[in-house]
Amino acid sequence: MSEANHLACEFSDNGLVQQLVGPLNGNLTRLEQRLDVVLHSRGNTVTIEGPPVRAARAEAALRRLYRRLLEGLPVESGDVDGVARLVQEKAQERLMQADDGAGEDLSIRTRKRHISARSPGQAAYLQALQTCELVFALGPAGTGKTYLAVAKAVALKVAGTVDRIILSRPAVEAGERLGFLPGDMREKIDPYLRPLYDALYDMLPGDYVARLLLSGEIEVAPLAFMRGRTLNSAFIILDEAQNTTPMQIKMALTRMGENSRMVVTGDLSQIDLPSGNKSGLADALETLGDLKGVGRVSFTHVDVVRHDLVARIVEAYDKRDAKRLEAAKPPSAPASKRE
């Protein structure tokens with residue numbers, strides 16, 4: 001390999017470098033696999049071997065991880081994978097836009113987590129959450145749409161920027177109806193709202209969440225309970241919005257009061273409404289368009305931050321759906337021949 005393909009990346013703190021490379025050089029091994037380079041660690045220097053473009057990406061990844069350590073944050077396998085996604089060529093433009101947005105730190109701090117972007121879509125999403133009063137987050141499961149929205153809501157609540165957090169979902173799942181579920185109303189709706197509870201408990205101590213739920217400062221409720229209300233000084237999250245009707249989502253969007261923010265999440269490829277019913281999420285996106293104050297972030301399989309296989313599963317389904325759409329197109333009429 002030519003000398004031009006060797007890059008030395010030096011760091012000032014040997015102790016942090018040990019954390020950077022990980023136990024048994026595990027973090028370097030993950031970066032090697034994801035960025036297709038060879039990494040060697042010696043003292044406070046990590047040497048990168050690979051073509052110039054890939055070597056530059058590896059250097060950017062290492063410096064981002066080292067900066068995380070300088071801030072007193074751990075570097076875990078998920079952080080390594082996330083940074084590897086962020087430095088990929090297709091992510092560069094969106095990543096630069098998020099980094100340069102307003103010179104602001106877009107990471108989210110809660111009592112139990114310090115959360116930063118782990119994909120190009122998440123970088124754009126954090127920027128939108130910072131600057132827009134209403135944000136639509138679209139895309140497949142595993143991209144962090146709901147998780148990051150709850151994190152932002154919790155951070156603003158703890159900081160006193162908003163007084164309440166309202167978490168809501170339409171009670172529609174694969175054709176099931178509440179009346180067929182056992183228990184009282186609370187027991188009927190809890191299964192639909194469990195992902196929102198899970199995110200809350202990941203951000204805050206359990207006893208603190210319980211107190212906020214009891215006082216009403218955090219409210220988790222099905223969408224139908226929002227009708228007729230005006231929600232002032234609140235962070236409102238409407239999750240799984242692809243399963244709303246146009247009238248339902250209009251009702252939800254118009255609940256916003258003074259000093260309120262709203263995030264609407266959904267995946268238009270996973271609509272569980274009865275056949276022939278238009279999704280309220282699709283209708284809202286068509287109606288609002290480029291309305292001032294509204295942000296829109298679209299995630300793809302590249303942004304999936306769960307198991308690597310999940311991203312490949314989402315990509316496989318996307319390719320299958322694209323082929324079906326292409327096959328469904330009517331054949332073009334042959335051009336008429338001149339006599």
| query | So Glu59 and Arg64, salt bridge (Lys or Arg N to Asp or Glu O under 4.0 Å) or not? Walk me through it. | reply | CA-CA 9 Å; Glu59 181 184 18; Arg64 279 181 167 269; over 6 Å; no
| request: Could you give me the CA-CA distance, side-chain angles and deciding distance for Arg118 and Asp81, then say whether salt bridge (Lys or Arg N to Asp or Glu O under 4.0 Å) is met? | output: CA-CA 7 Å; Arg118 289 188 173 183; Asp81 294 343; over 6 Å; no
| said: Using side chain to side chain contact (heavy atoms under 4.5 Å, CB included), reason through Leu65 and Leu31 one step at a time and then give a plain yes or no. | reply: CA-CA 11 Å; Leu65 292 170; Leu31 283 177; 4.1 Å; yes
| task | Could you walk me through whether Thr143 and Asp303 pass the side-chain hydrogen bond (donor to acceptor under 3.5 Å, both in side chains) test, one step at a time? | result | CA-CA 5 Å; Thr143 52; Asp303 300 300; over 6 Å; no
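Closest of all the heavy-atom pairs between Thr161 and Asn259 is O-ND2, 3.1 Å. Across all their heavy atoms, Gly293 and Cys132 have their closest contact at O-CB, 3.8 Å. Tyr197 and Leu213 make their closest contact through CE2-CD1, 4.0 Å (heavy atoms, listed as atom of the first residue, atom of the second, distance). Across Leu281 and Gly266, no two heavy atoms sit closer than the pair CD2-CA, 3.8 Å. When every heavy atom of Asp267 is checked against every heavy atom of Pro140, the shortest pair comes out as OD2-CA, 3.5 Å. For Ile48 against Ala58, the heavy-atom pair with the smallest separation is CG2-CB, 3.9 Å.
For NZ of Lys278, the number of neighbouring non-hydrogen atoms (other residues, nucleotides, ligands) closer than 6.0 Å is greater than 12. With a 6.0 Å radius and a threshold of 12 heavy atoms from other residues, nucleotides or ligands, Arg320 has its CZ atom above the threshold. For Tyr201, the OH atom counts as densely surrounded, since its 6.0 Å shell holds more than 12 non-hydrogen atoms of other residues, nucleotides or ligands. Counting heavy-atom neighbours within 6.0 Å of Leu291 CG, excluding the residue itself, gives a total above 12. Residue-environment remark: NZ (Lys250) stays at or below the threshold of 12 foreign heavy atoms within 6.0 Å.
Using a 4.5 Å heavy-atom cutoff, the side chains of Pro205 and Lys112 are in contact. With contacts defined as side-chain heavy-atom distances shorter than 4.5 Å, the pair Leu62/Leu28 qualifies. Using a 4.5 Å heavy-atom threshold, the side chains of Ser77 and Arg30 count as touching. Leu148 has its side chain within reach of Gln122: a pair of non-hydrogen atoms, C-beta onward, lies under 4.5 Å apart. The shortest side-chain heavy-atom distance between Leu238 and Leu223 falls under the 4.5 Å cut-off. When side chains are defined from C-beta on, Val297 does not count as touching Leu129, because their heavy atoms never get closer than 4.5 Å. Using a 4.5 Å heavy-atom cutoff, the side chains of Pro120 and Thr300 are not in contact. Inter-residue side-chain proximity for Glu76 and Val80 is flagged as unmet; no heavy-atom pair is nearer than 4.5 Å.
Linking Ile, Leu, Val, Met, Phe, Trp and Tyr whenever their side-chain heavy atoms come within less than 4.5 Å puts Met203 and Leu212 in one cluster. Linking ILVMFWY residues whenever their side-chain heavy atoms come closer than 4.5 Å, directly or via other members, leaves Leu73 and Leu126 in distinct clusters. No path of Ile, Leu, Val, Met, Phe, Trp and Tyr side chains, each step under 4.5 Å between heavy atoms, connects Leu214 with Leu167, placing them in separate hydrophobic clusters. Under a hydrophobic clustering in which Ile, Leu, Val, Met, Phe, Trp and Tyr are joined whenever their side-chain heavy atoms come within less than 4.5 Å, directly or via other members, Val38 and Val83 fall into different clusters. A chain of hydrophobic side-chain contacts below 4.5 Å, direct or via other Ile, Leu, Val, Met, Phe, Trp or Tyr residues, connects Val264 to Leu288.
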What side-chain donor-acceptor pairs closer than 3.5 Å can you find for residues 149-159, not counting sequence neighbours?
from, atom 1, to, atom 2, distance (Å)
Lys152, NZ, Gln130, OE1, 2.7
Lys157, NZ, Glu217, OE1, 3.0

Going by atom type alone, with no hydrogens or angles, which donor-acceptor pairs under 3.5 Å involve a side-chain atom of residues 9-18 and a protein atom two or more places apart or on another chain?
from, atom 1, to, atom 2, distance (Å)
Ser12, OG, Tyr66, OH, 3.2
Asp13, OD1, Gly15, N, 2.8
Asp13, OD1, Leu16, N, 3.1

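For the pair Lys145 (side chain) and Gly139 (backbone), a donor-acceptor distance under 3.5 Å is present. One N or O on the side chain of Arg255 and one on the backbone of Met251 form a donor-acceptor pair closer than 3.5 Å. With hydrogens and angles ignored, the 3.5 Å screen pairs no side-chain donor or acceptor of Thr47 with any backbone N or O of Ala8. Side-chain atoms of Asn243 come within 3.5 Å of backbone atoms of Asp272 as a donor-acceptor pair (strictly under, hydrogens ignored). Remark: the backbone N or O of Gln127 is paired with a side-chain donor or acceptor of Thr131 at under 3.5 angstrom. One N or O on the side chain of Gln242 and one on the backbone of Gln270 form a donor-acceptor pair closer than 3.5 Å. Using a distance-only test at 3.5 Å, with no hydrogens or angles considered, no donor-acceptor pair links the side chain of Arg34 to the main chain of Arg85. Distance alone, capped at 3.5 Å, places no donor-acceptor pair between the Ser298 side chain and the Leu138 backbone.
Note that NE2 of His114 is 3.5 Å distant from OG of Ser107, once rounded to the nearest 0.5 Å. Once rounded to the nearest 0.5 Å, the distance linking OG of Ser260 with CD1 of Ile166 reads 8.5 Å. If you take CE on Met262 and OG1 on Thr254, they are separated by 8.0 Å, rounding to the nearest 0.5 Å. Atom CZ of Arg169 sits about 4.5 Å away from atom CG of Asp239, to the nearest 0.5 Å. How far CD1 of Ile218 is from CG of Leu200: 5.0 Å, rounded to the nearest 0.5 Å. Considering CG of Asn27 and CG of Asp79, their distance stands at 9.0 Å, rounded to 0.5 Å.
Of the options Thr265, Asp198, Asp202, a side-chain hydrogen bond (donor to acceptor under 3.5 Å, both in side chains) to Tyr147 is made by Asp202 and by none of the others.
In summary, Arg261 and Glu133 do not engage in a salt bridge, as defined by a charged side-chain N under 4.0 Å from a carboxylate O. The pair Arg229-Glu219 meets the salt-bridge criterion, since a charged nitrogen lies less than 4.0 angstrom from a carboxylate oxygen.
Listed by first and then second residue, the ring pair (Phe, Tyr, Trp, His ring centres under 6.0 Å) pairs involving residues 236-277 amount to none (not counting sequence neighbours).
Remark: Arg164 is not positioned above the aromatic ring of Phe235, lacking an NZ or CZ atom under 6.0 angstrom from the ring centre and at most 45 degrees off the axis.
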